[in-house]
Every structure is written in structure tokens, then in C-alpha cells.
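Have a look at the structure below before the remarks.
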Number of protein chains: 2
Amino acid sequence: MRITNQREIILEELKRLKTHPTADELYEVVKKRLPRISIATVYRNLERLSEAGIIHKLEYGGRQKRFDGDVRPHSHVFCIRCGRISDVDTVDGLDVREMVLDSKGFQIKEGSLQFQGVCPVCQKEKQLNVN
Amino acid sequence: MRITNQREIILEELKRLKTHPTADELYEVVKKRLPRISIATVYRNLERLSEAGIIHKLEYGGRQKRFDGDVRPHSHVFCIRCGRISDVDTVDGLDVREMVLDSKGFQIKEGSLQFQGVCPVCQKEKQLNVN
DNA sequence: ATTGGTGCAAATGCTTTGCATAAAG
DNA sequence: CTTTATGCAAAGCATTTGCACCAAT
């Protein structure tokens, strides 16, 4: 995998952001440093980098995929209202693969806890709408 | 929610299938009983039913969403090659919410284990491709 | 010099929506 | 009778792709 300017900066910005951005959110950020970059380049690199295991593609919560520059095993919550994703701190030394009794013939590569709920922003919005 | 023929049959077929079908897979099955049904009706009903908590929408693994007629808490694996989803049997009495230390302000509604791996079908295909 | 990557625009494919008609309560 | 759902076709929108040009090795 060739090291291009675009690839480096995409990876750098994704690792800096802790927000699990969508491709277009990341595109907006990267564009500040590379004004002529194309959204297609962002998509292509996010795909390549996640295939290589350098980043993670998150496919839950809403229509758009989200990306995570932190590949250490950890758990996520996603907001059922807005799709926002956050890390969740869980008890230490958790290996979820130990909890499997029958994987139905699947060869399991990874496992994690996944939560869904309502994010702080959407909790506030709900209160306002009640008034 | 009005009980229409279409709605009943969509729900019935989804509950019968254990394959976590996509909207169009379910559409093909339902069409055998209701040849004039529209794919839009399938989408609209799957949305309504999942909002009502009668079914579950599964948003991981591939571009298409998948649906589950079984709403009892349980875990899934999805295939990183083809997106196929299967149930996974895990140790009993597991309440994953007990494992949360910090939910980062999210109000957590549900939690589950989620695994990714390679399904039996794709394992075979890989072997064949090697020859 | 060669190979892989980029930018642009067009195409793709899943999902949603507007609207007239039909069915449920 | 009123309201909600359906079928059809068109629109939407995130993502992917073809292609000519450019940059990394």
C-alpha cells in the first residue's frame, strides 16, 4: 500500500477524531488540509485501510457507515435517534469469545459488546420538544 | 396499527424464516403468497414493525439491512464476506448491561454481543478458490 | 518507467416518498 | 365515513466505479 499524502492525512485525522465520523464528516475535516481532495478518495482509502485492519468500519446505527481509528478491542453504543456512536467503558479482562457456546459453523474472528440507547444530545432535544 | 393482509403475511414469513433476511429476500418470499405486493410495502411494514418493537432491524454486515422476527435478547455473528447473519448461542444468564462501567452519558436501552467471522458457505468457497 | 492512486462525473443500488386508489375499522 | 395502507413510479442519498491524469517508488 503506497503512502500518499491523502492516505496519510485521512488516517491522521481519523485517529485524531474521537467521534467515529462518517465518510463525509471526515471528508469535511480533511478538506481543510487538502482542499482539492475528492470524496471518492476518502471512501477508497477508508475501505483499503479497514481491509488492512488499520482502522475499523462500524456498520450499525443509521444509513451511513462510521469509522474508528482505534482498533483496540472495545465496545460501542449507538444512538437510536441520530446514529451517533460513542465508546463504552466495560469491565476489564473481558473476552467475549469465551461466552460463545455454539457459533453455528461460523469461524469467529472478532467479538464485542454493542449497546443502543439515546445520546446526551438527543436526550436534551426530547426534553425541549415536550415543552 | 391496522391489521392488513400484507402486514400479517410479512410478519408471519419473517417469523418463520430463521435466516435474518434482507427486505428484498423477504419480498421474494412474500410475493409467492401475495403476487401483487410492492417492495415499498415490505419496506414500510418492516420499518413500522421494528419501530413498534415487534421485530428487530439488524444494521451490521453489508450494505443491506436485515430483519429478525425473534426479539428475545440474543447474539449474532455476521459474515465479513457475504453479510449473512446467524444467531449465536452464548452462556446463560448473560446481562451485558452489567458490564458497563461508563456509558458516556448515553441512556442505554439494549445491549448484546456481536461477533464477526466467516460463515460456513464462505469457508467452503475459500477452499475452492485455492485450487 | 511502472504501478498504484487521485479527481471528477456518472452510475449503482438500497431505501424512501408522492400520489392516486383501495381496504380497514 | 374516515383514516391508514398499498402499489407504482420517481426521487433520494450514500457509496462505488470508469477513465484520464498524476504521483510514488
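Residue numbers begin at 1 in each chain, while the letters A, B, ... track the order of the sequences. What you see is a predicted model, and the numbers here were worked out from it, not measured in a lab.
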dT6(C), OP1 or OP2 - any side-chain N/O from Asn5(A) closer than 4.0 Å?
no
Does a side-chain N or O from Arg48(B) land closer than 4.0 Å to OP1 or OP2 of dA5(D), or not?
yes
As an exercise, state the distance from CZ of Phe115(A) to OH of Tyr60(A), rounded to the nearest 0.5 Å.
10.5 Å
Phosphate contact (dA24(C) OP1 or OP2) by Thr4(B) side-chain N/O below 4.0 Å:
no
Under 4.0 Å between a side-chain N/O of Arg44(B) and OP1 or OP2 of dA5(D), yes or no?
no
Please report, rounded to the nearest Å, how far the C1' atom of dG5(C) is from the CG atom of Leu49(A).
13 Å
OG1 of Thr41(B) to CD1 of Ile9(B), rounded to nearest 0.5 Å, is 12.0 Å
Gap between atoms NZ and P, on Lys31(B) and dT6(D) respectively (whole Å)
17 Å
Please check if any side-chain donor atom of Asp68(B) sits under 3.5 Å from a side-chain acceptor atom of His76(B), or the reverse.
yes
Please determine whether a side-chain nitrogen or oxygen atom of Ser38(B) lies at a distance below 4.0 Å from atom OP1 or OP2 of dT6(D).
no
Distance-only side-chain donor-acceptor flag, His74(A) / Asp89(A), under 3.5 Å:
no
For the pair made of CG in Leu26(B) and P in dT15(C), what is the distance, rounded to whole Å?
12 Å
Pull out every protein N or O sitting under 3.5 Å from an N or O of nucleotides 13-16 of chain D, one pair per line with the distance.
unit_1, atom_1, unit_2, atom_2, d
dT15(D), OP1, Lys65(A), N, 2.9
dT15(D), OP2, Tyr43(A), OH, 2.3
dT15(D), O5', Tyr43(A), OH, 3.3

How long is the line joining CZ of Arg2(B) and P of dT2(D), in whole Å?
13 Å
Take atom CZ of Arg7(A) and atom C1' of dT6(C), then tell me their distance rounded to the nearest Å.
10 Å
Between Leu34(B) (CG) and dA22(C) (P), how many Å, whole number?
17 Å
Distance check: side-chain N/O of Gln6(A) vs OP1/OP2 of dA23(D), anything under 4.0 Å?
no
Distance-only, no hydrogens or angles: does the Gln123(B) side chain make a donor-acceptor pair with backbone N or O of Val118(B) under 3.5 Å?
yes
Closest to the 5' end of DNA chain C, once Ile3(B) and Val42(A) are matched to their nearest nucleotides, is Val42(A)
Can you measure Asn45(A) atom CG to dG5(C) atom C1' for me and round it to whole angstrom units?
8 Å
Is a donor from one side chain sitting under 3.5 angstrom from an acceptor on the other, for Asp87(B) and His20(B)?
yes
Whole-Å distance separating the CZ atom of Arg36(A) from the P atom of dA9(C):
10 Å
Look at Glu28(B) together with Lys31(B) and state whether they make a salt bridge at an N to O cut-off of under 4.0 Å.
yes
